[in-house]
Each structure stands twice: as C-alpha cells, then as structure tokens.
2 protein chains.
Amino acid sequence: MRYSANHKMETREKLLASSAVSAKKSGFSTVGVDGLMKAIGLSGGAFYSHFSSKDELFKAIVERELAQSLDRLSGDGAMDSVKLERCLKQYLSMSHVEQPEAGCALPVLGAEIARSDMAVREAAQTWICRLHESWARILGSDSLAWAILSQCVGALVVARMLVTPQVQREVLKSSHEEISRRIAEQGLD
Amino acid sequence: MRYSANHKMETREKLLASSAVSAKKSGFSTVGVDGLMKAIGLSGGAFYSHFSSKDELFKAIVERELAQSLDRLSGDGAMDSVKLERCLKQYLSMSHVEQPEAGCALPVLGAEIARSDMAVREAAQTWICRLHESWARILGSDSLAWAILSQCVGALVVARMLVTPQVQREVLKSSHEEISRRIAEQGLD
DNA sequence: GTCTATACACGGATAGAC
DNA sequence: GTCTATCCGTGTATAGAC
C-alpha cells in the first residue's frame, strides 16, 4: 500500500481533532466537509476514505469530545473538595465562555446532538451517564450530580448569549456560588 | 395599494410565529428561507418584502420568543410559591423536552444566538436580563435567580440529548428537586 | 489515500411582471 | 405584496486518475 496503516490513523485523528474545534466554534451543521478537510491540508474528496458520511463524523466527534470531558471532569478517581473546586472554577470561567472551541462540547453542540439520529444520541447518553456516575460517586447523590451537571452546562449556554462581560461574569459567579454552597452543605464521600 | 397595511402586519406575524416553530424544531441555520415561506403558503421571493435578510428575521424571532418567555415565566407581578412551583413544573416537564418547537427558545437556540452578531446578542441580553430581574425580585436574590435560570436551561439541553425517557425524567426531577429545596430554604419576598 | 472534476440539490438574495 | 425566474455560491457525495 502506498500509505501506511499508521498514516490513515494519524490522518483520522487530525481530522477528528480539527473538526471538533471547527464544530465547537461555528456549529457542526454550519461547517462544510470541504472546509474541514482543507483545515488539515487535504482536499474535500479525501474525506470519504475516513467516514462514509458527515453524520458519521459527527458521531465520532461527539464520542471523542465527551470521552475527553469525562477525563477532564471525573478526575483520576481520587477527587477531593480542592480538586472539585478547581474543576468548577475552570468550567465556570470567562476563558471557557470566550473559547468554546477549546471547551466542553455539551453547551455548544447540545442542541445539535438533540436533533441528531439515534446513533449520535445513544453515544452521547453513554458518555453523559458515565460523567454523571463519576460525579454521583464523588458527591454521594445521584440527584445532586444531575443538577450540577445541568447547571454547569446551562450557565455556559446563558453566559455565551450575553454581550456584556460583567453580566457574563455574574452568571458564572452565581452558579459557582450556589454549587459550592450546596456541596459544602452536602459534604463529600 | 393592492394589499392593506393590516395584511402586511398579519403576514409578518404569521411568518414570525411559523419561523420560530421551525427554528426551534430544526435549528435556525438548518431551515431555508424558501421553506419558511412555503410553511405559511407563500413563495420564497416574498420573504424580502418583510425582512431584508435572514439574519434580521432571526433577530425578530429571538426578540419575539424571549418576550413571550418573559411573559410566561415572570407572571403578572404577583408571584407566590404556588405559581412559582407551577412554572418550574411546566418548564422541567417531559412534554417540554419532547416538544422543543412549543417551548422556550433558550435551550434550542442558545448556541446559535451565541454565534450571532452583536444585534442579536444585544436583543437576547436585554430580554434575558429582564427575565432575571423579574425572578430576582421574586426570589430576593440576584445570584439565586441567575443560578436557577441557568439550571433550567441546562436541564433541558441535557435531557434532550438523551434517548431513554427514564434518564430524561431523572435529569428533570433532579433539577426540580434541587431548585425547590433551595427556594424553600431561601423563602420568598 | 488523495487528488481533480463533477453531479446534483439547496442555500440566500435579486429582478421584473402582475 | 407576491409571484416566477434566475444568479451565484455552497453543500454532500461520487467517479476515475494517480
């Protein structure tokens, strides 16, 4: 073969990483296959050697992104209140609001995932539930884990719609305070 | 004139209402001008007698939707704990999850609003801040109002990504419980 | 596997008749 | 104000050469 098996893997990985950034920046339906390929220095036609359709790419992006989020947010198993606080601070930060392309996929792609076919949503559910389980274990409460997860996602969606940095900051700070307060009340396992 | 001034107003209103439904169902960038006009029984070309561009329509949709949300969620001024609970129950319900086209625009259009130009985001900010003020007055806390607003939006975004109704219900119920508990602790003004 | 070329549908927007 | 026709760009996807 003129191209090594390794080459294909590497190209696929580059495509996934680059496409995830583009999708989080501009929305997945907005970006075209041609643009996604050009972004990694290839032509549009080469796309279909890696994915049979754009939808299949989306599923792969969602899986990759959420696996990464699980990694970032669930920690290495030993999660104490300090690490938890650091996690929250990073998620509910202005830099996260300002750089959607580098952050969590749920606030940006949530609506698009919700409109996708079953394959994508099943993938999303699997990873979201893993994320939830991880937090529920740390917090000692299934309900609280879902509530905090929702609130974090919502805070970013709301803050990103706004124009004024001060108001954005207020939104982030409010969720951060309410969550910290609730966790302090609850105590960790 | 062959068409009354009233006719234009009515057509514009029909277009706005119908387009909002389409946008909430399929995403604004996904739907085409032609489809939006056909949905109210007109041809695509007639669109530009009402809006100079698709973006201008989006701004109008956002304003109309958020004004409506403010109306639904802020109540008529006299908001007691019973009305508040009814509001939350409706927002965090399975029918709201299942029928995005009939519900709040923030969870569905939030990401698209965030990517829009300043005109749209300024309109969004104005109405979101009014909504916040209304809730803050009721709750007696700016911070709590932002936190609850974010959590409600986030819960819908998260629930809609999922496939299994039981998990969706759990997400909704968790946020509902946490919010009710927090409000009970806080007390109303 | 990647390229160029292409088929084909649909996007937003405009022009002129009624 | 609405229609039909049209311009022009872009979208996804495929075919065949290398």
Side-chain angles (χ1 to χ4, degrees), chain A residues 1-62 109 112 115-117 119-120, chain B residues 1-62 109 111-113 115-117 119-120:
Chain A
M1 50 184 90
R2 288 181 54 196
Y3 294 85
S4 69
N6 215 29
H7 175 67
K8 176 161 187 179
M9 252 184 44
E10 284 169 8
T11 302
R12 187 190 149 102
E13 173 55 25
K14 260 198 293 183
L15 175 56
L16 272 175
S18 172
S19 300
V21 169
S22 298
K24 289 192 286 183
K25 193 184 301 189
S26 315
F28 182 71
S29 64
T30 304
V31 300
V33 169
D34 211 75
L36 295 176
M37 294 303 285
K38 267 192 187 142
I40 59 168
L42 295 178
S43 71
F47 175 82
Y48 297 92
S49 300
H50 298 277
F51 296 96
S52 66
S53 71
K54 205 192 164 195
D55 277 346
E56 217 182 271
L57 168 66
F58 190 51
K59 179 166 165 263
I61 288 178
V62 168
L109 301 180
E112 281 184 288
R115 285 192 298 266
S116 295
D117 56 39
V120 170
Chain B
M1 52 185 89
R2 288 182 55 197
Y3 294 87
S4 70
N6 215 30
H7 175 67
K8 177 161 187 180
M9 254 184 44
E10 283 170 9
T11 303
R12 187 191 150 103
E13 174 55 25
K14 261 199 294 185
L15 176 56
L16 272 175
S18 172
S19 299
V21 168
S22 299
K24 290 192 285 184
K25 192 183 300 184
S26 315
F28 182 71
S29 65
T30 305
V31 301
V33 169
D34 212 74
L36 294 176
M37 294 303 286
K38 268 192 187 140
I40 59 167
L42 294 180
S43 71
F47 174 82
Y48 297 91
S49 300
H50 299 277
F51 296 96
S52 66
S53 72
K54 205 191 165 196
D55 278 345
E56 216 182 274
L57 168 66
F58 190 51
K59 179 168 165 260
I61 288 177
V62 168
L109 300 181
E112 281 184 289
I113 292 172
R115 285 192 297 268
S116 295
D117 56 39
V120 171

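Order of the sequence lines sets the chain letters (A, B, ...), proteins ahead of strands, with each chain counted from 1. It should be emphasised that the depicted structure is a prediction, and the values quoted were computed from it without experimental measurement.
Listed here is the closest heavy atom pair of A/Val33 and A/Gly44: CG1-O, 4.0 Å. Taking every heavy atom of both residues into account, A/Ser26 and A/Val31 meet most closely at CB-CG1, 3.9 Å. The two residues B/His50 and B/Arg12 have their closest heavy-atom pair at O-NH1, 3.9 Å. Taking every heavy atom of both residues into account, A/Ala23 and A/Leu109 meet most closely at O-CD2, 3.7 Å. Residue B/Arg115 comes nearest to A/Lys25 through the heavy atom pair CD-O, 3.4 Å, listed as atom of the first residue, atom of the second, then distance.
Taking only side-chain nitrogens and oxygens, B/Thr11 comes nearer than 4.0 Å to OP1 or OP2 of D/dT2. Remark: A/Ser49 is not in phosphate contact with C/dG1, judged by side-chain N or O atoms under 4.0 Å from OP1 or OP2.
Summarising the geometry, the separation between CG on B/Leu57 and P on C/dA13 is reported as 10 Å, rounded to the nearest angstrom. Counting to the nearest Å, the P atom of C/dC3 and the NZ atom of A/Lys38 are 11 Å from each other. Following rounding to the nearest Å, A/Glu10 (CD) and C/dG1 (P) show an atom-to-atom distance of 13 Å. Per the geometry, CG belonging to B/Leu42 stands 16 Å off C1' belonging to C/dC18, to the nearest Å. Counting to the nearest Å, the P atom of D/dG1 and the CE atom of B/Met9 are 13 Å from each other. Going from atom CG of B/Leu36 over to atom C1' of C/dG12 covers 12 Å, rounded to whole Å.
Between D/dT2, D/dG1, C/dG1, one nucleotide has an atom nearer to the side chain of B/Lys8 than all others, and that is D/dG1.
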Going 5' to 3' along nucleotides 8-17 of chain D, which nucleotides have protein heavy atoms under 4.0 Å from the base (write B), which only from the sugar-phosphate (write S), and which from neither (write -)? ----SBB---
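The backbone N or O of B/His7 lies less than 3.5 Å from a partner atom in the side chain of B/Thr11, making a donor-acceptor pair.
Each end of the helix from C/dG1-D/dC18 to C/dC18-D/dG1 gets its own rotation axis from five pairs of C1' atoms, and the angle between them is 0° to the nearest 10 degrees.
Between B/Ser19 atom OG and B/Leu36 atom CG the span is 4.0 Å, to the nearest 0.5 Å. Residue A/Ser116 holds its OG atom at 12.0 Å from NZ of A/Lys59, rounded to the nearest 0.5 Å.
Sorted by first and then second residue, the ring pair (Phe, Tyr, Trp, His ring centres under 6.0 Å) pairs with a member in residues 17-47 of chain B read B/Phe28-B/Phe58, B/Phe47-B/Phe51; sequence neighbours excluded.
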